[in-house]
Amino acid sequence: IVIDDEAAIREGMHALLTQWGCTSLEAPSAAQALELLTAQNAAPDLVLADYRLAQGSNGADAVQLLRERFGTALPALLITGDTGPERLREAKKTGLHVLHKPVRPAQLRALCNYLLTRR
């Protein structure tokens, strides 16, 4: 599942993941991601979340919410366009892998493969 509050980013990620043969769901928030996944009654194989989401929420909290709901340490990564040192420190403190926008497709694919094979 891709969680990003920008529609253009969600659409681009969907197109890229589809091109790689993946099935993806996209949501603008953690709550909507949870709703989509609950409707499908399935945990995602991987969570790709923007670090900074709308209304002061963040991708790390979204990952935690999904992990709590599905009772498993879901593979996940954060993507951020933030360049401020404090924000980057916050993202790294989550313990999740962090990629920086603009994300290179090869880098994203390699990290996704790595996370999926470690399951």
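None of these values were measured; they are calculated from a predicted model. Along the sequence shown, the residues carry numbers beginning at 1.
Residues Leu37 and Pro44 share a closest heavy-atom pair of CD1-CD, 3.7 Å. A pairwise comparison of heavy atoms in Ala49 and Gly59 identifies CB-CA, 3.8 Å as the closest pair. When every heavy atom of Arg10 is checked against every heavy atom of Pro28, the shortest pair comes out as NH1-CB, 3.4 Å. Scanning both residues, Leu53 and Asp5, for their nearest heavy atoms gives C-OD2, 3.4 Å. Of all non-hydrogen atoms in Ala27 and Gln32, the two that sit nearest each other are CB-C, 3.9 Å. Closest approach of Leu74 to Phe70, counting heavy atoms only: CD1-CD1, 4.5 Å.
For Lys101, the NZ atom is densely surrounded, since the number of other residues' heavy atoms within 6.0 Å is greater than 12. Around CD of Glu35, the count of heavy atoms belonging to other residues, nucleotides or ligands within 6.0 Å does not exceed 12.
Criterion: ILVMFWY side-chain heavy atoms under 4.5 Å apart, direct or through other members. Under it, Leu99 and Tyr51 are not part of a common hydrophobic cluster. Hydrophobic clustering, with ILVMFWY side chains joined whenever heavy atoms are under 4.5 angstrom apart, groups Leu108 together with Ile9. Criterion: ILVMFWY side-chain heavy atoms under 4.5 Å apart, direct or through other members. Under it, Leu25 and Leu116 are not part of a common hydrophobic cluster. Placement of Leu46 and Met13 within a single hydrophobic cluster is found when ILVMFWY residues are connected by side-chain heavy-atom separations under 4.5 Å, directly or transitively. Tyr114 and Val98 end up in different hydrophobic clusters when Ile, Leu, Val, Met, Phe, Trp and Tyr side chains are linked at under 4.5 Å.
Of the inter-residue distances, the one linking Leu48 atom CG with His97 atom NE2 reads 12.5 Å to the nearest 0.5 angstrom. In this structure, OG in Ser24 is found 5.0 Å from CG in Leu17, a value given to the nearest 0.5 Å. In this structure, CG in Leu65 is found 8.0 Å from CD1 in Ile3, a value given to the nearest 0.5 Å. For the atom pair CZ of Arg89 and OG1 of Thr94, the computed distance is 14.5 Å after rounding to the nearest 0.5 Å. Between Asp4 atom CG and Ile79 atom CD1 the span is 7.5 Å, to the nearest 0.5 Å. We find the CZ-CZ distance between Arg104 and Arg109 to be 14.5 Å, quoted to the nearest 0.5 Å.
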Trace of the side-chain hydrogen bond (donor to acceptor under 3.5 Å, both in side chains) decision for Gln40 with Thr38: CA-CA 5 Å; Gln40 294 211 350; Thr38 299; over 6 Å; no
Verdict with reasoning, Leu77 to Leu115, per side chain to side chain contact (heavy atoms under 4.5 Å, CB included): CA-CA 9 Å; Leu77 65 95; Leu115 292 170; 3.8 Å; yes
Test log, rule side chain to side chain contact (heavy atoms under 4.5 Å, CB included), inputs Arg52 and Asn58: CA-CA 5 Å; Arg52 191 167 35 164; Asn58 67 59; 5.7 Å; no
Test side chain to side chain contact (heavy atoms under 4.5 Å, CB included) applied to Ile1 and Leu66, step by step: CA-CA 10 Å; Ile1 189 158; Leu66 295 179; 4.2 Å; yes
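Using a cut-off of 4.0 Å between Lys/Arg side-chain N and Asp/Glu carboxylate O, Lys93 and Glu90 are scored as not salt-bridged.
Counting heavy atoms from C-beta outward, Asp45 and Pro75 have side chains that stay 4.5 Å or more apart.
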